[in-house]
Amino acid sequence: MFTERVVSGMRPTGALHLGHYHGALKNWVRLQSEHPCLFFVADWHALTTHYDSPEIIGENVWEMVIDWLAAGIDPQQSVLFIQSRVPEHAELHLLLSMMTPLGWLERVPTYKDQQEKLSSRDLSTYGFLGYPLLQAADILMYRAAWVPVGEDQVPHVEFTREIARRFNHLFGREPGFEDKAREAVRKLGSKRAKLYQQMRTRYQEQGDETALEQGRELLDQAQNLSMGDRERLFGFLEGSGRIILAEPQALLTEASRMPGTDGQKMSKSYGNAIAMREDPESVRRKIRTMPTDPARVRRTDPGEPERCPVWQLHLVYSDEATREWVQVGCRSASIGCLECKQPVIDAILAEQQAFRERAQPYLDDPSLLRNIVADGCEQARKIAQETMREVREAMGLDYD
Ligand code: TRP
Ligand code: SF4
């Protein structure tokens, strides 16, 4: 188990589909056994684009959380919460907004892209411009090391890193920093202190990156340090001020090309999606009517899997032997398309059976779900309050 925290969020879009599962959730499930993980519903982010239809949010939130649990997110391992129930996110967003240059926000590629794409909505709002900053607050609040996201979100994580750097630069230079840092070094104990000094010198004088890594590991393992001293020592190691907000890294979800029923990327808006907990009969119908290689007009015409969207599904769901059977059978016209689709149907139905079983307790007793989320909000808030204490102090707001 690594100690580096993982944070990720999703806007509440309602019931999730197989693209969400293979593209994101499967990855979250894997991460939760390796890292402390926090996953949250970004309901405020939904309002940045859908402020005129707020009634959809509530419903979508719970449907989505049920799908997270259906996918195998384990509330014993991961903290699940709702953004708006940890109001510290709003406070951090506000405080960060004080030092965020407008140009940085205007330059985030999603800003203009989304405005053009969602041209039916008026997105010339303050809230929409601030979308990436709200996301930065979500991430920096938990001092996350890793943010599992798809490619489209990488600029937002990059932006978050810049915000952290700017914040630390502006507010990490407390008076008497050097003295306080040296005092903190002593608290490491003589053996560790000596090692720390060596690594600091090796990094700062020779640019030795491994020494920097080793120094950070040493600090990760030093347990008797206060939060303030820890931040000083991280900064002192690198030659900067206190590192109050940690720079996160995007953890790119390997682009699982989950095709929809038309071979294009699966997406609700394309109408080619299969929901995670879709009715089996509807799944059978959707796959059976899927288009195949257009060259196979008659059953006796040979086909080419590379030109067939069903083949894309075999790549997600079938083992080597089945794929071989498809390739040979399709090219020699020895199997029919319906026959070829059957293993895919079976695999999807089996996968969904597990989803349904895991979801059932929460459908039977919604209070179970409410309790998990209430508990998650409380855990998230504890961390958030700690961070906010430091942020307020750094920004001169802890006066009496
Ligand atoms: N912007 C993300 C998306 O559209 C959702 C999100 C909000 C997020 N806050 C986050 C993702 C923090 C990761 C971390 O998918
Ligand atoms: Fe597609 Fe399979 Fe039909 Fe070949 S046999 S065209 S791979 S569905």
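In this text, all values refer to a predicted model and were calculated from it rather than measured experimentally. We count ligands from 1, going down the list as the structure has it; atoms in each ligand are counted the same way.
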So the atoms of ligand 1 within less than 4.0 Å of a heavy atom of Arg11 turn out to be 4 (O)
Notebook entry, point to check: Just wondering, more than 12 heavy atoms not from Glu183 lying within 6.0 Å of its CD?
Noted result: yes
Honestly, for Gln83 the part within reach of ligand 1 (heavy atoms, under 4.0 Å) is neither
**Request:** Mark yes or no for whether Asp319, through its side chain, and Thr322, through its backbone, hold a donor-acceptor pair below 3.5 Å.
**Result:** yes
Of Cys308, Gly303, Pro343, the residue with the heavy atom nearest atom 1 (Fe) of ligand 2 is Cys308
query: When you look at CD of Gln342, are more than 12 heavy atoms from neighbouring residues, nucleotides or ligands closer to it than 6.0 Å?
result: yes
Counting heavy atoms under 4.0 Å, the part of Val147 that contacts ligand 1 is side chain
heavy-atom search around atom 8 (C) of ligand 1 in the protein gives Gln135 NE2, 3.5 Å
Closest non-hydrogen atoms of Val328 and Ser334, given as atom of the first, atom of the second and distance, are O-OG, 4.4 Å
Looking only at non-hydrogen atoms, the one of His156, His45, His89 nearest atom 7 (C) of ligand 1 is His45
Checklist entry - Can you check whether Ser8 has an N/O within less than 3.5 Å of an N/O in ligand 1? => result no
- Query: Just wondering, more than 12 heavy atoms not from Tyr51 lying within 6.0 Å of its OH?
  - Reply: yes
Is the closest heavy atom of Lys341 to ligand 2 under 4.0 Å?
-> no
query: Are a donor atom and an acceptor atom from the side chains of Asp138 and Gln83 found within less than 3.5 Å of each other?
result: yes
Below 2.8 Å, can you find an N, O or S atom of Cys340 next to atom 4 (Fe) of ligand 2? no
Nearest non-hydrogen protein atom to atom 13 (C) of ligand 1, with distance, is Gly9 N, 3.5 Å
Contact region, Asp293 to ligand 2, non-hydrogen atoms below 4.0 Å, reads both
Quick check, are the ring centers of Phe40 and His45 under 6.0 angstrom apart? no
Quick note on ligand 1: atoms under 4.0 Å from a heavy atom of Tyr131 include exactly 1 (N), 2 (C), 3 (C), 4 (O)
Under 4.0 Å between heavy atoms, the region of Ile139 that gets near ligand 1 turns out to be side chain
In this structure, atom 5 (S) of ligand 2 is nearest to the protein heavy atom Arg296 NH1, 3.1 Å
- Kindly assign one of parallel, tilted or perpendicular to the pair Phe355 and Tyr21, based on the angle between their ring planes and the thresholds 30° and 60°. perpendicular
| task | Could you check whether the rings of Tyr131 and Phe128 sit parallel, tilted or perpendicular, using 30° and 60° as the cut-offs? | result | perpendicular
With Glu278 as partner, the option from Lys286, Gln352, His17 fulfilling side chain to side chain donor-acceptor pair (under 3.5 Å) is Lys286
Problem - N, O or S from Cys337 under 2.8 Å to atom 3 (Fe) of ligand 2 - result: yes
Note: ligand 1 atoms sitting under 4.0 Å from heavy atoms of Ala42 are 7 (C)
shortest atom 4 (Fe) of ligand 2-to-protein heavy-atom contact is with Cys330 SG, 2.3 Å
